[in-house]
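Sequence lines set the chain letters: A, B, ... in the order given, protein chains first and strands last, and positions in each chain run from 1.
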2 protein chains.
Amino acid sequence: MYTMSSEPPPTPRAAGRLSRSGVLEAAVALADREGLESLSMRRLASELGVVPMALYKHVADKDDLVAGMIDQIVADYRAPQPGLDWRAAVRGRIMAARDALHEHPWLRSALERATQRTPAVLGHMDAVAGELRRGGLSYDLVHHAMHALGHRIWGFSPEAFSDGAGSTTAPDAEPAPVDPAQLAAMAERYPHVVAIALDTAQRAPGGACDTEAEFAFTLDLLLDAVSSLHAAGWRSR
Amino acid sequence: MYTMSSEPPPTPRAAGRLSRSGVLEAAVALADREGLESLSMRRLASELGVVPMALYKHVADKDDLVAGMIDQIVADYRAPQPGLDWRAAVRGRIMAARDALHEHPWLRSALERATQRTPAVLGHMDAVAGELRRGGLSYDLVHHAMHALGHRIWGFSPEAFSDGAGSTTAPDAEPAPVDPAQLAAMAERYPHVVAIALDTAQRAPGGACDTEAEFAFTLDLLLDAVSSLHAAGWRSR
DNA sequence: ACCTGAACACCGTTCAAGT
DNA sequence: ACCTGAACACCGTTCAAGT
């Protein structure tokens, strides 16, 4: 028996070394296979043939693990073809997000639970805002449109982020004394996100996004739209 | 010290007997005070001065506890004044849901995690559908409007329910061989919800709600609306 | 009918130690 | 630098028993 070593090792990746991306990949695979409820640090560790605490060298804690998983997937959202007009491009990006949600059924819950916006998440927001901007919309309207599209941008509700979909302040919820160097770095990577924030700050001296007003804006937009369809004798198909 | 019994008992409700509503009330109070993460069966039990297993006489399990908490609160959504037109009435109901979300910050997560639609939740849906119907909209359009309003109806995304906001099949996800008596009971309590389901079933012989089409409907509705605002030179305030 | 006690099979994470 | 072992302070829930 002992000499019949033809059977492969029972899955734990033979190689000795863990890495952050290896851990994230295994976590995504586990969640895809068995759902987010089954993803525990202990379970993931045993899957990797390693003691639970070994993971903590590559991941700060469980929240960081889940943030990493989200980031990996959002970074892979496919971009629309270059030639498209702004509407088609926005539509394409939103559909790409929705596709990811279908591929990874745990993603919605993960996004809903997430407390920080990772770079890829900010990048996706920035890309959508950029397409709208390309359509000639003012940053003010882009901001409102981001709120209205809301969960469509993710395929789910982004209000999980404490300050709303179109809000663009840094991950920290506080007004936050802005470090100019940090702001410059943000503006470099997420120009539209920052532009919206500046536009909002300029418009309302408080600077904060008025989430109540945004909610009402979208609600009335939808009620108007539905009303018009009704008046026009809309029917499906 | 011992005789100085002027201090009140250290909170555990003095009275001997637990009840379902007492348990739910304490759970809501605990979640209001310390958040949903702090709500555990063990913690709640100790708050009530009782052993954890005592709760299981009044609540099937933790999911049932949370469903009960939701149901209690949704049942208390205030109804709009009777005189209002349909738009104002819909608006009022949606704002009432949003108010509850502000009052109970844990409610959004609870709703997102919930797997079953409780009577009060169905009642709220039915009431919103009823207001739209009162506006003269076809059930087909009411159905689409419910999807479009989506998370606005709750103040959050209802896609947590596996089959979408406007979907109206019974809590079980399966096509489910319909028990006529059960359907009649449903139709009695939730006439509009049932009417939408029948309308949908009639329109698409499969009977199931096409969530992809509903998603696209809302997305295009919003893109159209934003587009029009832009063309009309919209600005905020 | 309602509550208890002890137990089972789990969690995330800290801390001190090994190599 | 990276992984381990043992421990801490928790979970939800079953099962058999008490009153």
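- For an aromatic pair to be called close, the ring centres must be under 6.0 Å apart, and B/His124 with B/Tyr77 satisfies this.
- Taking atom CG on A/Leu55 and atom P on C/dC11, their separation rounds to 12 Å, with Å as the unit.
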Reading 5' to 3' through nucleotides 12-19 of chain D, protein heavy-atom contacts under 4.0 Å coded B for base, S for sugar-phosphate only, - for none = BBBB----
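- Atom CZ in A/Arg20 sits roughly 16 Å away from atom C1' in D/dC2 (whole-Å rounding).
- Between A/Asp99 and A/Arg78, at least one side-chain N (NZ, or NE/NH1/NH2) sits under 4.0 Å from a carboxylate O, which counts as a salt bridge.
- Side-chain atoms of B/Asp199 and B/Ile196, non-hydrogen and from C-beta on, never get closer than 4.5 Å to each other.
- As rounded to the nearest Å, C/dC3 and D/dA16 have C1' atoms that lie 13 Å from one another.
- Under 4.0 Å is where a charged nitrogen must lie from a carboxylate oxygen, and between B/Arg108 and B/Glu112 no such pair does.
- Counting only residues at least two apart or in different chains, side-chain hydrogen bond (donor to acceptor under 3.5 Å, both in side chains) contacts with residues 59-71 of chain B comprise B/Arg20-B/Asp64, B/Asp71-B/Thr118.
- Side chains of B/His58 and B/Ser19: no donor on one and acceptor on the other come within 3.5 Å.
- Neither OP1 nor OP2 of C/dC2 sits under 4.0 Å from any side-chain N or O of B/His58.
- Here, D/dC10 and C/dA9 have their C1' atoms 13 Å apart, quoted to the whole Å.
- The pair A/Glu212-B/Arg98 meets the salt-bridge criterion, since a charged nitrogen lies less than 4.0 angstrom from a carboxylate oxygen.
- Taking the C1' atoms as reference points, D/dC8 lies 12 Å from C/dC11, given to the whole Å.
- The pair A/Glu47-A/Arg33 meets the salt-bridge criterion, since a charged nitrogen lies less than 4.0 angstrom from a carboxylate oxygen.
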Dot-bracket summary - DNA chain D, pairs being Watson-Crick or G-U whose distances fall under 3.5 Å, with | when paired to another strand = ||.|||||...|||||.||
